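Worksheet: the structure to be examined is printed underneath.
Because only heavy atoms are used, hydrogens play no part in the values below, and waters and symmetry mates are left out as well, while side chains stay in. We're numbering straight along the sequence, starting at 1. Since this is a predicted model, take the numbers as computed values, not measurements. First listed ligand is number 1; within each ligand, the first listed atom is number 1.
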Amino acid sequence: MKRILFVDDESNILDGIRRMLHADRKRWDMQFAVGGEAALQACEAASFDVVISDMRMPGMDGATLLGHIRDLYPSTARLILSGYAEVTLATRAVAVAYRVLSKPCNGPELQATIERVCTLQDIFCTPEIRRIIGTIGELPSLSKTYEALSRAVHEPTASMANVAEIIEQDVAMSAKVLQLVNSGFFGLAQRVTSLQSAVAFLGMDTIQNLALASDTFRVFVPDPRIPKNFCETMQQSARRVALVVRALPLDKTVRDVAVMAALLHDLGKLVLASKMPGDYCAVWSLMQERGCAEFEAEEQLLGVSHAEIGAYLLGLWGINNLVVEAIAHHHHPTRIPHLGLDSSAALYVANLLAHEIDAHPNDLQGEELSKSDRSCLETLGVLQQFPAFRVRSLESLNEDAKAGPQGLETNTSR
Ligand SMILES: [Fe+2]
């Protein structure tokens, strides 16, 4: 049973949460602490899987409490509840919390968020993931630029100018970040030529993720046994999925997270190609033999796919939890509850569309979807809209192909 701790300085709010989640008492062991000190005492007495704290509390506020919990109990998931007016406080909370929920939070949203966090924890604790991470051995560290950037973003006094300055010192990273910013994925009306404007337009979190996207291809170098065009094909595929995300009807926040997730969604393949090339070649052989998708061959041979491997690594690197979550579930979106077309569902839909269009570029109706994909789309509530999404996606991909050589068609596996 998952252990969940709720923290607030007002006991009547905790009573409200207790009543709201009454139906969940059989699946979650829920404890309630009045204030930060009491919460730390409760954590000392017995560990928790998730801690959900109010932001504004006298004495120790939510961000300070979750900072202590991060340092003392790193495997505990941390969520924060914050009012709309507390923008400055919420910025501090982002550094220590997996997710910031707006107050007042309704029952279904709170339940869905807790469930999603717990599912991710479970996936990352499986023996299969542990075995793969053990086989990979020491993980490569990211560039000094990225480390400095990551530290700067989490400083309470973080400034856009400082973040831009750090990236500017790394020519390769600057070029890649600006290329991604101007790629059309983020819908910016004008061309951005300076990193400072890029940070101002997209925010520090997105810029940090873009810097990571550029770094991953420097730290993981595929083994010589892997085909030479592997990295290029993977980046092309990521780019196409990001373009399809752009074509979906999403609001800006959801879209920015989904674009980031699209750009990084197959990172696990790169990890396998560089760290477990023998197993990865066996995956490809099985895929060809069975005519199945790559993730299915990986699941059969390794017990886990590139989706979970990539997400695990990105989680270790401190990437936005929504991006991590979208990547972890990009082949099995219905493992978690969804409230509409969120970033996680959007990545699955875009990935499916991009590959379906690659396989049948001239078929306006699209091929008959597999039973499992149909059922996923139905559960996500977008089966009816799928043909319209396909038309918009095809237009977006065709426009991109006309615009330049980067729009070359690729044929890759999911
Ligand atoms: Fe994938």
Side-chain angles (χ1 to χ4, degrees), residues 119-120 123-124 126 128-129 132 136 185 209 212-213 216-217 220 222 226-227 229-245 248 257-276 279-284 286-288 290-315 319 322-336 343-359 369-370 372-373 376-377 380 393 397 409-414:
T119 307
L120 208 53
I123 289 173
F124 290 163
T126 56
E128 289 81 9
I129 271 282
I132 301 267
I136 290 170
F185 304 145
N209 290 344
L212 176 78
T216 48
F217 286 91
F220 288 108
I226 304 297
N229 63 350
F230 174 81
C231 279
E232 199 190 328
T233 309
M234 223 188 97
Q235 291 190 68
Q236 283 275 21
S237 166
R239 182 183 151 72
R240 286 173 70 80
V241 177
L243 280 166
V244 174
V245 166
L248 297 176
V257 170
V259 162
M260 265 329 303
L263 292 173
L264 291 166
H265 77 285
D266 280 340
L267 168 68
K269 290 185 187 177
L270 190 56
V271 177
L272 290 172
S274 64
K275 298 287 173 184
M276 295 174 68
D279 295 85
Y280 200 41
C281 289
V283 163
W284 281 8
L286 182 67
M287 188 170 86
Q288 268 143 21
R290 300 264 165 91
C292 63
E294 189 173 318
F295 74 90
E296 291 168 324
E298 289 165 353
E299 284 168 359
Q300 192 171 331
L301 283 180
L302 308 170
V304 70
S305 82
H306 60 268
E308 293 86 6
I309 298 169
Y312 182 88
L313 197 57
L314 292 165
I319 287 306
L322 286 169
V323 173
V324 171
E325 187 180 78
I327 293 174
H329 305 301
H330 78 266
H331 300 300
H332 301 294
T334 52
R335 288 198 290 217
I336 51 168
S343 47
S344 213
L347 177 60
Y348 163 77
V349 172
N351 193 32
L352 176 61
L353 275 164
H355 287 93
E356 198 268 332
I357 291 171
D358 279 344
L369 291 165
S370 73
S372 64
D373 283 326
C376 271
L377 291 170
L380 297 175
S393 305
L397 291 171
E409 268 182 12
T410 55
N411 208 343
T412 54
S413 173
R414 293 161 71 195

Within 2.8 Å of the Fe ion (ligand 1), is there any N, O or S atom belonging to Glu294? no

Which atom pair, heavy atoms only, marks the closest approach of Leu212 to Leu264? CD2-CD1, 4.1 Å

Using only heavy-atom distances, determine whether the side chains of His332 and Glu308 contain a donor-acceptor pair under 3.5 Å. no

Ignoring hydrogens and geometry beyond distance, is a side-chain donor-acceptor pair present between His306 and His331 at under 3.5 Å? yes

ang(OD1 Asp266, the Fe ion (ligand 1), NE2 His331) rounded to 10° is 150°

Can you name the N, O or S atom of His306 that is closest to the Fe ion (ligand 1)? NE2

Tell me whether the rings of Phe124 and Tyr312 are parallel (<30°), tilted (30 to 60°) or perpendicular (>60°). perpendicular

